[in-house]
Amino acid sequence: MSETATLTAELGLHPEERLTREELEVLQLERLQWTVRHAYENVPFYKEKFDRHGVHPDDIRTLADIERLPFTTKDDLRQNYPFGLFAVPMDQVRRIHASSGTTGRLTVVGYTDQDLENWADLIARSLYAAGVRPGWMVHNAYGYGLFTGGLGAHAGIERLGCTVVPMSGGQTEKQVQLIHDFRPDAIMCTPSYLLTIADAFEKAGLDPRASSLKVAICGAEPWTESMRRELEDRLDIKAVDIYGLSEMMGPGVGNECVETQDGPHIWEDHFLPEIIDEDLRQVADGEQGELVFTTLTKEAFPMIRYRTRDLTSLHPGSARPAHRRIAKITGRNDDMIILRGVNLFPTQIEEIACEIEHLTSHFILELTKRGTMDHLTMKIEPDPAATASEAEAALKFMQKRVKDRAGTTIGAELVAVGSLPRSEGKLKRLYDLR
Ligand code: DLL
């Protein structure tokens, strides 16, 4: 067992989770200063950008000085494709991952041996926070390959001292069979894929509530409290939120604690979070805005003030007091639909759809143009047990609730049960047909 696994097993918390806020901030400043200098000295992109901004690593004397540094964006990553932002020679890069995103070129990230060590430790901490214990079996249904989910989770499952079932995404019937036969204690997959798996259990004539699973560690896409309730109810499990992004590392940038289930604690000894408003100014904890991160320990791929485009807010730590939490991510600012002047996120509609009897959470949103106006139509599968009139009434009720809560009118249609594409990883909800 590694040092982390032993500590976690014996003491419950990793030493850096037991720091006071003051102690953590001392560590953060030390690591921030190291990161800024490392990026400046080894990545020409950062040197040029800092010089242009008239800021030098010596200017970072307090954590507040981070505001003097320029932001980094997804576009910067694309323009430095593939390895232009790496801060170590290629022979020290032990692994590459990449994410395709929705548009444009791949964004490529790299890891040294030490980065991979830290990542495995952080996943182990995340799993422990989620209630997973050494000796458990963990079914890993995050996709293996260039996506950070599969391999990232894999190393951390082993690091905690668990048995990993490296299933990857897809082959849903086989997932059900292995869960049934191997009797894993926990599962890792996207929330939408867990729903697909729950459906497949029923299709196979098995009761998902009777499975061996106790905990699901779900992330990689936005999901709502209603979706959590649905998953917990249908599978008789605890569903815990794991957050991350390739540009920082992958999964395990933060994780929710099973005892509080109140949003992922950011592992602030490795990542420094900020929330900014539309004018790119920091806002106070508790206020909603765009999440920005600076890595504090990354060797191969340091990121300074990376704009994630994820919208959320920061809150004081709960079960891990020194580490702040993020609220459930509403969505990315690129998922936002602007409908006749009203901002709307697919998660707001998910929240409503999951609450209403006779409807399911299998739905898609289609954005079309009618004349000069944008129009949003929801296509949703009814509950197979509902009668046609129950489903119709539920659909009308849903539209009214969207109007009341979100302040905008959407079209809605029922579609045949099983006709919509099922998620095998990150779910695509919105189809822009304009
Ligand atoms: O999705 C890493 C990951 C894998 C996280 C497995 C959790 C579990 P990317 O493909 O780079 O990396 O996508 C990152 O996914 O900026 C968010 O928009 C979204 N996302 C990730 N986790 C959550 C979450 C992985 N828990 C992007 N809630 C991020 C909401 C999430 N959105």
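As the structure lists them, so they are numbered: ligands from 1, and atoms in each ligand from 1. Every value quoted in this text rests on a predicted model; they were computed, and no experiment measured them.
- A cation-pi arrangement is present between Lys298 and Tyr111 under the rule of less than 6.0 angstrom and at most 45 degrees off the ring axis.
- Here's the thing with Thr308: none of its N/O atoms is less than 3.5 angstrom from an N/O atom of ligand 1.
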Stepwise side-chain hydrogen bond (donor to acceptor under 3.5 Å, both in side chains) test for Thr107 and Ser99:
CA-CA 5 Å; Thr107 50; Ser99 83; 3.2 Å; yes
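- For ligand 1, the atoms sitting less than 4.0 Å from at least one non-hydrogen atom of Ser246 are 9 (P), 10 (O), 11 (O), 12 (O), numbered in the order shown with element in parentheses.
- Remark: ligand 1 atoms within the under-4.0 Å shell around heavy atoms of Pro251 are 2 (C), 3 (C), 4 (C), 5 (C), 6 (C), 7 (C), 8 (C).
- At a heavy-atom cutoff of 4.0 Å, ligand 1 is contacted by both the backbone and the side chain of Ile242.
- Neither the backbone nor the side chain of Lys328 has any atom closer than 4.0 Å to an atom of ligand 1 (non-hydrogen atoms only).
- For Ser226 (side chain) and Glu355 (main-chain N/O), no donor-acceptor pair under 3.5 Å exists by modelled atom type.
- Side chain of His38 to main chain of Glu299: a donor-acceptor pair is present (N/O by atom type, distance under 3.5 Å, no hydrogens or angles).
- For His154 and Tyr144, the ring centers are positioned less than 6.0 Å apart.
- Among all protein heavy atoms, the one lying closest to atom 31 (C) of ligand 1 is Glu221 N, 3.6 Å.
- Remark: distances from the non-hydrogen atoms of Lys426 to ligand 1 include one below 4.0 Å.
- Residue-level proximity to ligand 1 for Asp310 is carried by the side chain, the only part with a heavy atom below 4.0 angstrom.
- Contact annotation: for Thr190 versus ligand 1, there are no heavy atoms closer than 4.0 Å.
- The protein heavy-atom contact nearest to atom 27 (C) of ligand 1 is Arg332 NH1, 3.4 Å.
- The neighbour count for Arg21 CZ, taken as heavy atoms of other residues, nucleotides or ligands under 6.0 Å away, is above 12.
- Listed by number with element, the atoms of ligand 1 under 4.0 Å from a non-hydrogen atom of Tyr142 are 6 (C), 8 (C).
- Distances below 4.0 Å separate heavy atoms of Thr148 from the following atoms of ligand 1: 2 (C), 12 (O).
- With respect to Lys203 and Glu173, no salt bridge is recorded, no charged nitrogen being found less than 4.0 Å from a carboxylate O.
- A salt bridge is absent between Glu268 and Arg320; no separation between the charged side-chain nitrogens and carboxylate oxygens falls under 4.0 Å.
- Protein heavy atom nearest atom 20 (N) of ligand 1, with residue, atom name and distance: Ala220 C, 3.5 Å.
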